[in-house]
Amino acid sequence: GAEYAIFWRWSSEAGVLKAEAWFAHDGTLMEPDVGRSYAHGKGDVGSVWASKGTRLIRDVCAVDIKTFTRLQLACYYRIKSVA
């Protein structure tokens, strides 16, 4: 099962995806992501959005920060994989 989830919503005013809500078993895990935004094709979230596909990173702490911009946050909370 998932330990956390982030709900991204399109903001037509800003022209970006914004982290609007989150869920975490511990109640605070992804709170730093609320308010974060990604333009189309930019960052990990924006690039998946632009591809209209999906992405699975099996070992998030083994990738370059250019691949997953929230790398430090994920490793701090010992998150293993992200999709």
Side-chain angles (χ1 to χ4, degrees):
E3 291 294 320
Y4 75 96
I6 303 170
F7 178 72
W8 299 92
R9 182 182 298 264
W10 168 250
S11 169
S12 57
E13 293 175 3
V16 297
L17 286 178
K18 285 188 173 183
E20 183 172 282
W22 54 273
F23 165 81
H25 286 288
D26 76 353
T28 61
L29 180 66
M30 289 288 113
E31 190 171 8
D33 266 338
V34 173
R36 188 180 293 250
S37 63
Y38 289 94
H40 191 262
K42 304 295 182 188
D44 44 332
V45 174
S47 65
V48 172
W49 172 32
S51 75
K52 297 181 182 178
T54 59
R55 180 177 301 154
L56 170 64
I57 302 174
R58 292 186 189 280
D59 186 354
V60 71
C61 292
V63 300
D64 187 281
I65 198 162
K66 292 176 186 174
T67 302
F68 188 72
T69 57
R70 295 169 292 149
L71 176 68
Q72 292 173 328
L73 181 65
C75 292
Y76 176 81
Y77 284 105
R78 297 185 179 134
I79 294 169
K80 178 67 177 165
S81 60
V82 293

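Throughout, numbering of the chain's residues begins at 1 and tracks the sequence. Side-chain atoms are counted along with the backbone in the values below, which use heavy atoms only and exclude waters and symmetry mates.
- With Asp44 as reference, Arg70 is the one residue of Arg55, Arg70, Lys66 to meet the side-chain hydrogen bond (donor to acceptor under 3.5 Å, both in side chains) rule.
- The CD atom of Glu20 sits 12.5 Å away from the CD1 atom of Ile6 when rounded to the nearest 0.5 Å.
- For Phe7, the CZ atom counts as densely surrounded, since its 6.0 Å shell holds more than 12 non-hydrogen atoms of other residues, nucleotides or ligands.
- Residues Thr54 and Val48 fail the side-chain proximity criterion, which asks for heavy atoms closer than 4.5 Å.
- Scanning both residues, Ile79 and Val60, for their nearest heavy atoms gives O-CG1, 3.1 Å.
- Nearest heavy-atom pair across Leu71 and Cys61 is CD1-CA, 3.8 Å.
- Val45 and Leu56 end up in different hydrophobic clusters when Ile, Leu, Val, Met, Phe, Trp and Tyr side chains are linked at under 4.5 Å.
- Nearest heavy atom pair, residue Lys18 against residue Ser37, reads CG-CB, 3.8 Å.
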From CA spacing to verdict: side chain to side chain contact (heavy atoms under 4.5 Å, CB included), Trp8, Tyr38: CA-CA 9 Å; Trp8 299 92; Tyr38 289 94; 3.4 Å; yes
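- At a threshold of 4.5 Å between non-hydrogen side-chain atoms, the residues Ser47 and Trp49 do not count as touching.
- In this structure, Asp59 and Lys80 have side chains that are in contact, with non-hydrogen atoms separated by less than 4.5 Å.
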